Amino acid sequence: YWAAAKEQLEAIDMKAQLTELEKKSTDKRKIYLVELQSVPDGPEGEPVIVRGYYAEPQDGQKHPVIMHFYGYDSQNATSWPPCPGGNDSEYAEFFFSIRGQMLNNRKAANRYPDGKEDFVNIYGDWFAYNFGVKDGYYYRGAFLDCVQAVRFMATRETSDMTQLFAEGSSQGGALSYAVAALSDYPFTAIAPCVAFLGDFPDYFNIVGWPAETAKANKGSMTDEEMYTFLSYFDTKNLATRISASVIACSGLQDGTCPPHTNLAPYNNLPTEDKVIYYYPEMGHEIPSDWNKKIMNFFKERMK
């Protein structure tokens, strides 16, 4: 299934467009809005444009690459997507937004000025989009968007693709698992925090969302058929394809992505170089010490 999906992506010319955000750039690092073409929302159709903020060091050397992925967006979002600054020159970084979310779901007034028009979400509730349609489901396209983003980084002269990292929380954690499983380039390490999309049969027995959304959109599918469909997008199954080192975390009071759903992919990782941190009193949030933990973990594994 995923080999065929990636074959479709291979045929898409990404047609990368870079718009420098000059007020964010410095002589150490330039900051760009990047627009890429990715696969259509199905086997046929027009490519979908996805976006991210790219930070490129300016010293002419190759740098470790860090991919940053975001949690589940709000359909009526007005908050500004985080835009990196130009002072840090140690890494080449891509702060990437999958189709219909974050940068792709913001009016011009609700993002860093880039001279572009409003970017509009056409998917409604992303988890429900084309639910049950294996070759057209939202997360098929979203996972391939992440693969395309890595391919973009490989085109940049300052990217050291032998030192490739990913991090994200909630949905961003799921995307970190997915991209490490599906990428053409092996990841050195990933850091999924309170990850989403894990072990759907167990997940739907524990908490209400996204179970209610799935059941409201499953149509004539039986539960067994629904879980078979979802198995293609389950981090528990994708984890078996990952060779990267992994640092993960789970909040034991998390009612959105409960510990069971974080342990399912973690336990299926083939690598022995993995560690998971438990936060007994934490809900669905990012620990205050998490960024320090993951950056130390990444640096220890850099060549």
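Every heavy atom of this structure was used, including side-chain atoms; hydrogens, water molecules and symmetry mates were not. All figures in this text were calculated on a predicted structure; none of them were measured in a lab.
The hydrophobic clustering, which links ILVMFWY residues whose side-chain heavy atoms are closer than 4.5 Å, places Leu197 and Val207 together. No continuous path of ILVMFWY side-chain contacts below 4.5 Å connects Tyr138 to Ile49, so the two sit in separate hydrophobic clusters. Hydrophobic clustering places Phe187 together with Ile276 (ILVMFWY residues linked when any side-chain heavy atoms are closer than 4.5 Å, directly or through intermediates). Taking hydrophobic clusters as Ile, Leu, Val, Met, Phe, Trp and Tyr residues chained together by side-chain heavy-atom distances below 4.5 Å, Phe96 does not share a cluster with Tyr112. Both Met14 and Val65 are part of a single hydrophobic cluster, where members link through side-chain heavy atoms under 4.5 Å apart.
The backbone N or O of Ala109 lies less than 3.5 Å from a partner atom in the side chain of Trp80, making a donor-acceptor pair. Looking only at distances, no side-chain donor or acceptor of Asp160 sits under 3.5 Å from a matching main-chain atom of Lys62. Tyr227 places no side-chain N or O within donor-acceptor distance of the main-chain N or O of Thr222, the cut-off being under 3.5 Å. Not a single donor-acceptor pair under 3.5 Å links the side chain of Lys28 to the backbone N or O of Asp88. Checked by atom type and distance alone, the side chain of Asn205 pairs as donor or acceptor with a backbone atom of Pro201 at under 3.5 Å. With hydrogens and angles ignored, the 3.5 Å screen pairs a side-chain donor or acceptor of Asn262 with a backbone N or O of Ala195. No side-chain donor-acceptor contact under 3.5 Å links Gln17 to the backbone of Glu35. The main-chain N or O of Ala180 is never found under 3.5 Å from a side-chain atom of Ser183 such that the two would form a donor-acceptor pair. With hydrogens and angles disregarded, no donor-acceptor distance shorter than 3.5 Å links the side chain of Lys15 to the backbone of Leu36. Tyr266 contributes a side-chain N or O that, together with a main-chain N or O of Lys274, makes up a donor-acceptor pair within less than 3.5 Å.
A tilted orientation is assigned to the rings of Phe143 and Tyr139, their planes being inclined by 30° to 60°. Between Phe94 and Tyr54, the ring planes lie perpendicular to each other; the angle is over 60°, past the 30° to 60° tilted range.
Closest non-hydrogen pair, Cys257 versus Phe196, comes out as SG-CA, 3.6 Å. Of all heavy-atom pairs spanning Pro81 and Asn110, the tightest one is CD-O, 3.4 Å. Summarising the geometry of Tyr278 relative to Leu263, their closest heavy-atom pair is OH-CD2, 3.1 Å, with the distance given to 0.1 Å. Across Lys116 and Thr19, no two heavy atoms sit closer than the pair CE-OG1, 3.5 Å. Between Lys24 and Cys83 the shortest heavy-atom distance is NZ-O, 3.5 Å.
Hydrophobic side-chain contacts under 4.5 Å tie Met295 into a cluster, directly or through other members, with Ile66, Tyr91, Phe165, Val194, Ile247, Val275, Tyr277, Tyr279, Met282, Ile286, Trp290, Ile294, Phe297, Phe298, Met302.
Figure legend: Lys107 and Phe119 shown without cation-pi pairing, the cationic atom not lying both under 6.0 angstrom from the six-membered ring centre and within 45 degrees of its axis. For the pair Arg140 and Tyr232, the cation-pi criterion (under 6.0 Å, within 45° of the ring axis) is not fulfilled.
Side-chain contact between Tyr53 and Leu103 is present, with heavy atoms from C-beta onward closer than 4.5 Å. In this structure the side chain of Trp126 reaches within 4.5 angstrom of the side chain of Asn105, judged on heavy atoms. Here the side chains of Pro287 and Cys249 are in contact, with some heavy-atom distance below 4.5 Å. When side chains are defined from C-beta on, Phe229 does not count as touching Val133, because their heavy atoms never get closer than 4.5 Å. Using a 4.5 Å heavy-atom cutoff, the side chains of Asp234 and Tyr177 are not in contact. Between Val50 and Ser97 the shortest side-chain heavy-atom distance does not fall below 4.5 Å. With contacts defined as side-chain heavy-atom distances shorter than 4.5 Å, the pair Lys299/Glu90 qualifies. Within the 4.5 Å cutoff, no side-chain heavy atoms of Met67 are placed close to those of Phe95.
One finds the CG atom of Leu252 at 9.5 Å from the CD atom of Glu281 (value rounded to the nearest 0.5 Å). Here the straight-line distance linking atom CD of Gln163 with atom CZ of Arg301 works out to 13.0 Å at 0.5 Å rounding. Note that CG of Leu33 is 6.0 Å distant from CG of Leu21, once rounded to the nearest 0.5 Å. Between the OG atom of Ser89 and the CD atom of Gln61 there is a distance of 11.0 Å, given to the nearest 0.5 Å. Note: Arg99 CZ to Ile122 CD1 = 8.5 Å, rounded to the nearest 0.5 Å. Between the NZ atom of Lys236 and the CG atom of Asp199 there is a distance of 3.5 Å, given to the nearest 0.5 Å.
In this structure, Glu7 places its CD atom where only 12 or fewer heavy-atom neighbours from other residues, nucleotides or ligands lie under 6.0 Å away. Around atom NZ of Lys303, more than 12 heavy atoms belonging to other residues, nucleotides or ligands sit under 6.0 Å away.
Salt-bridge check for Asp223 with Lys215: failed, with every basic side-chain N at 4.0 Å or more from each acidic carboxylate O. With respect to Asp114 and Arg106, no salt bridge is recorded, no charged nitrogen being found less than 4.0 Å from a carboxylate O. The pair Lys218-Glu225 does not count as a salt bridge, with every side-chain nitrogen at least 4.0 angstrom from each carboxylate oxygen. Of the charged side-chain nitrogens involved, none lies within less than 4.0 Å of a carboxylate oxygen, so that Arg29 and Glu56 do not count as a salt-bridged pair.
For Glu10, the salt bridge (charged side-chain N to carboxylate O under 4.0 Å, His left out) partners at least two apart in sequence or on another chain are Arg151.
A centroid separation of 6.0 Å or more is found between the aromatic rings of Tyr137 and Tyr129.
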**OP:** Show your reasoning for whether side-chain contact (heavy atoms from CB on, under 4.5 Å) applies to Asn217 and Thr213.
**Re:** CA-CA 6 Å; Asn217 287 275; Thr213 300; 3.8 Å; yes
Original post:
So Val150 and Val179, side-chain contact (heavy atoms from CB on, under 4.5 Å) or not? Walk me through it.
Top reply: CA-CA 8 Å; Val150 173; Val179 76; 3.6 Å; yes
**OP:** Would you check, one step at a time, whether the test side-chain contact (heavy atoms from CB on, under 4.5 Å) holds for Thr271 with Ser243?
**Re:** CA-CA 6 Å; Thr271 180; Ser243 60; over 6 Å; no
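In this model, a donor atom of one side chain and an acceptor atom of the other lie less than 3.5 Å apart for Asp125 and Tyr72. Inspection of the Ser74 and Asn76 side chains reveals no N or O donor paired with an N or O acceptor under 3.5 Å. A donor atom on one side chain and an acceptor atom on the other are found under 3.5 Å apart for His68 and Glu167. If you check the side chains of Gln101 and Gln171, you find a donor sitting under 3.5 Å from an acceptor. Residues Ser25 and Glu20 have side chains that bring a donor and an acceptor to within less than 3.5 angstrom of each other. Side-chain contact of Arg51 with Asn104: a donor-acceptor pair under 3.5 Å is present, judged by distance alone. In summary, the side chains of Tyr123 and Asp41 do present a donor paired with an acceptor at a separation below 3.5 Å, with no hydrogens or angles considered. Looking only at atom types and distance, the side chain of Ser38 has a donor-acceptor partner in the side chain of Asp145 under 3.5 Å away.
Contacts classified as side-chain hydrogen bond (donor to acceptor under 3.5 Å, both in side chains) and involving residues 245-260 (residues at least two apart or in different chains) are given here: Asp202-His260, Ser245-Asp273, Asp254-His284.
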